[in-house]
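Start at 1 with the first residue, then count along the sequence. The structure presented is a predicted model; accordingly, all values stated were derived computationally and were not measured.
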Amino acid sequence: MDTSPAERSVALQQRSKRIRFVLLAILLANWVVAGAKLIFGLISQSAAVTADGLHSFIDGGSNVLGLVAMGVASRPADDDHPYGHGKFEALASLGIGAMIGIGMLELGRMALDSLMHDRHAQVTPAMAVVMVLTLCVNLVVTRVEGHYGRKYKSSLLLADASHTMSDVFVTLAVLASLGLVAMGYPKADGIIALGVMVFVAWVAYGIVRQAVGILSDTARLDPAQVAQHTVGVAGVRSCRDVRSRGMEESVYVDLKIEVDPNLTTAQAHEVADRVERTLHAAYPQVVDVVVHVEPEHDNADRAQGATPHVS
């Protein structure tokens, strides 16, 4: 079903509000989890638990970053940003990856300090209970955030869900290290912390890669498929130079079509309008289609590079 630009703008505004609400709820959960881990990690002098708490604290920081970014990304297009502010969401995702990288370095420092200075964690039943409870919270957070990320097609929510899922695996690794320390293997604390560092680095790479793909205008639609939809429109003789960019939920498309050279300007524009309506119907995520209309050329004209436009 085709929608007007005004209706699409309202839909994007509503989407932004819902994403901000999810981020706010996740922020509160992350900071409760982070506080519990940091307190017990520092009390027990456990590098792994403290590192896990730091990781959770970074989760909360990324939520704050996401809230700020979504506030900017939800603004309508203006003179300075004629294509809207949607890429600020991708910039926030890139920021999350950078924050994970910073946390990764701190994890490595703490782990090496634990191993080189032979510092042993003091494992208590209370610490184990806190870690299990925070693990349950993180599992719920990951599921909820991933659900709404897919529902609203938000790269920011999906990136943050991946980050929180990394916290789940980190917590599982820390629980394993606590068990090994209790069994008489004190160096497990530092070794597990180093393993956590490697895992966090991989998560950061995935998030940064996704954000860079958006910011570098990676193609969002299959050109061949778009061309197939286009040539099926009455009056279109051929379609070429299909390009797409943007975010998953807001895609911009431009392409060239050839029409009967005997058509009037008004008739050629009507064909272009039909192409726009067809692509909006085929791809609900498309927010704008630019159709360059040209008269059909013979092979000799193409060889000479003749490209007259009907505008």
Side-chain angles (χ1 to χ4, degrees), residues 1-16 73-90 150-155 210 213-311:
M1 182 177 179
D2 191 22
T3 57
S4 68
E7 290 173 328
R8 289 194 291 272
S9 177
V10 171
L12 287 173
Q13 291 280 345
Q14 292 175 341
R15 168 185 172 274
S16 176
S74 63
R75 295 176 184 172
D78 54 31
D79 291 339
D80 292 330
H81 300 85
Y83 291 99
H85 298 76
K87 282 190 176 180
F88 280 96
E89 186 174 347
R150 291 186 294 272
K151 180 178 180 180
Y152 300 133
K153 296 182 179 179
S154 169
S155 61
Q210 180 190 41
I214 294 172
L215 295 172
S216 61
D217 289 335
T218 298
R220 284 292 167 186
L221 302 177
D222 180 3
Q225 190 178 65
V226 173
Q228 185 176 9
H229 284 294
T230 302
V231 296
V233 175
V236 176
R237 298 287 179 88
S238 69
C239 172
R240 57 190 171 86
D241 297 341
V242 177
R243 298 184 299 178
S244 62
R245 62 182 180 82
M247 303 181 67
E248 185 178 354
E249 75 287 344
S250 55
V251 176
Y252 295 83
V253 182
D254 68 86
L255 67 159
K256 294 178 182 178
I257 63 171
E258 292 186 346
V259 300
D260 186 341
N262 296 314
L263 293 181
T264 65
T265 300
Q267 290 171 327
H269 273 291
E270 175 56 32
V271 174
D273 289 341
R274 287 199 294 268
V275 170
E276 290 183 29
R277 291 194 294 269
T278 297
L279 293 181
H280 278 303
Y283 303 100
Q285 69 271 37
V286 169
V287 297
D288 186 56
V289 180
V290 176
V291 182
H292 303 278
V293 183
E294 300 180 353
E296 184 180 31
H297 311 309
D298 58 28
N299 291 333
D301 288 335
R302 285 200 180 95
Q304 295 173 2
T307 56
H309 285 256
V310 177
S311 58

Open item on the list: Quick one, Val236 with Val275, criterion side chain to side chain contact (heavy atoms under 4.5 Å, CB included). Give me CA distance, side-chain angles, the key distance, then yes/no.
Closed with: CA-CA 8 Å; Val236 176; Val275 170; 3.7 Å; yes
Task: Stepwise side chain to side chain contact (heavy atoms under 4.5 Å, CB included) test for Val289 and Leu255 - done: CA-CA 8 Å; Val289 180; Leu255 67 159; 3.9 Å; yes
- [ ] Dump the intermediate steps for side chain to side chain contact (heavy atoms under 4.5 Å, CB included) on Val291 and Leu279, then the final yes or no.
- [x] CA-CA 11 Å; Val291 182; Leu279 293 181; 5.8 Å; no
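Under the rule for a side chain to side chain donor-acceptor pair (under 3.5 Å), Asp222 has no partner lying at least two apart in sequence or in another chain. Every residue meeting the side-chain contact (heavy atoms from CB on, under 4.5 Å) condition with Asp260, not counting sequence neighbours, appears here in chain and number order: Arg237, Asn262, Leu263.
Nearest heavy-atom pair across His280 and Asp288 is CE1-N, 4.0 Å. Scanning all heavy atoms of the two residues, the minimum distance from Arg220 to Ser244 falls at N-OG, 2.9 Å.
With rounding to the nearest 0.5 Å, the separation of OG1 in Thr278 from CG in Asp273 is 10.5 Å.
For residues 223-234, the set of pairs meeting the side-chain hydrogen bond (donor to acceptor under 3.5 Å, both in side chains) definition, not counting sequence neighbours, comprises Gln225-Tyr283.
The pair Glu270-Arg277 counts as a salt bridge, with a side-chain nitrogen and a carboxylate oxygen less than 4.0 angstrom apart.
For the pair Val293 and Val271, the minimum side-chain heavy-atom distance is 4.5 Å or more.
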